[in-house]
Enquirer: 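Pasting a structure here, questions to come.
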Amino acid sequence: MLPGEVVEVDLHTRPMSETAAVASAQLTVGGAEAAQVEILVINTPRPSLEEGLAVVRPSAAA
């Protein structure tokens, strides 16, 4: 892809669970496939996320 080119994005989403979904996209330039992208999105409550990160990455104060 070059600056100024028109990129078409064909985006599809599908639920995986009550709190997760997948977004998949095919990008084309001039009718030719340029890329494919797949993103998993998970809705996690902030306290749960912070708790999990604390286990993996202890604070510098400890």
Side-chain angles (χ1 to χ4, degrees):
M1 291 181 271
L2 300 173
E5 286 185 311
V6 174
V7 178
E8 293 183 30
V9 179
D10 184 18
L11 177 68
H12 300 273
T13 60
R14 71 176 189 270
M16 301 298 288
S17 70
E18 282 188 26
T19 59
V22 171
S24 302
Q26 182 171 356
L27 287 65
T28 57
V29 176
E33 183 178 321
Q36 289 185 352
V37 179
E38 189 166 285
I39 301 170
L40 174 63
V41 180
I42 301 173
N43 183 7
T44 304
R46 182 178 287 273
S48 296
L49 185 58
E50 290 171 346
E51 182 179 306
L53 288 174
V55 171
V56 176
R57 182 182 56 194
S59 69

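This chain uses plain numbering: 1 for the first residue, then up along the sequence. Heavy-atom basis, side chains included; hydrogens, waters and symmetry copies ignored.
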Enquirer: Is there a continuous path of hydrophobic side-chain contacts, each under 4.5 Å between heavy atoms, that joins V9 to V41?
Expert: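 Same cluster: V9 reaches V41 through Ile, Leu, Val, Met, Phe, Trp or Tyr contacts under 4.5 Å.
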Enquirer: Please report the closest heavy-atom contact between L2 and E5, naming both atoms and the distance.
Expert: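 Closest heavy-atom pair between L2 and E5: N-OE1, 2.5 Å.
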Enquirer: Count the heavy atoms of every other residue, nucleotide or ligand shown that sit under 6.0 Å from CD of E50, and state whether that count exceeds 12.
Expert: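 Result for CD/E50: enclosed.
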Enquirer: Using a 3.5 Å cut-off and no angle test, enumerate the donor-acceptor pairs between side-chain atoms of residues 21-35 and protein atoms at least two apart in sequence or in another chain.
Expert:
from: S24; atom 1: OG; to: E38; atom 2: OE1; distance (Å): 3.3
from: Q26; atom 1: NE2; to: E33; atom 2: OE1; distance (Å): 3.0
from: E33; atom 1: OE2; to: Q36; atom 2: NE2; distance (Å): 3.3

Enquirer: Assigning hydrophobic clusters by single linkage (Ile, Leu, Val, Met, Phe, Trp, Tyr; side-chain heavy-atom cutoff under 4.5 Å), is V7 placed with I39?
Expert: yes
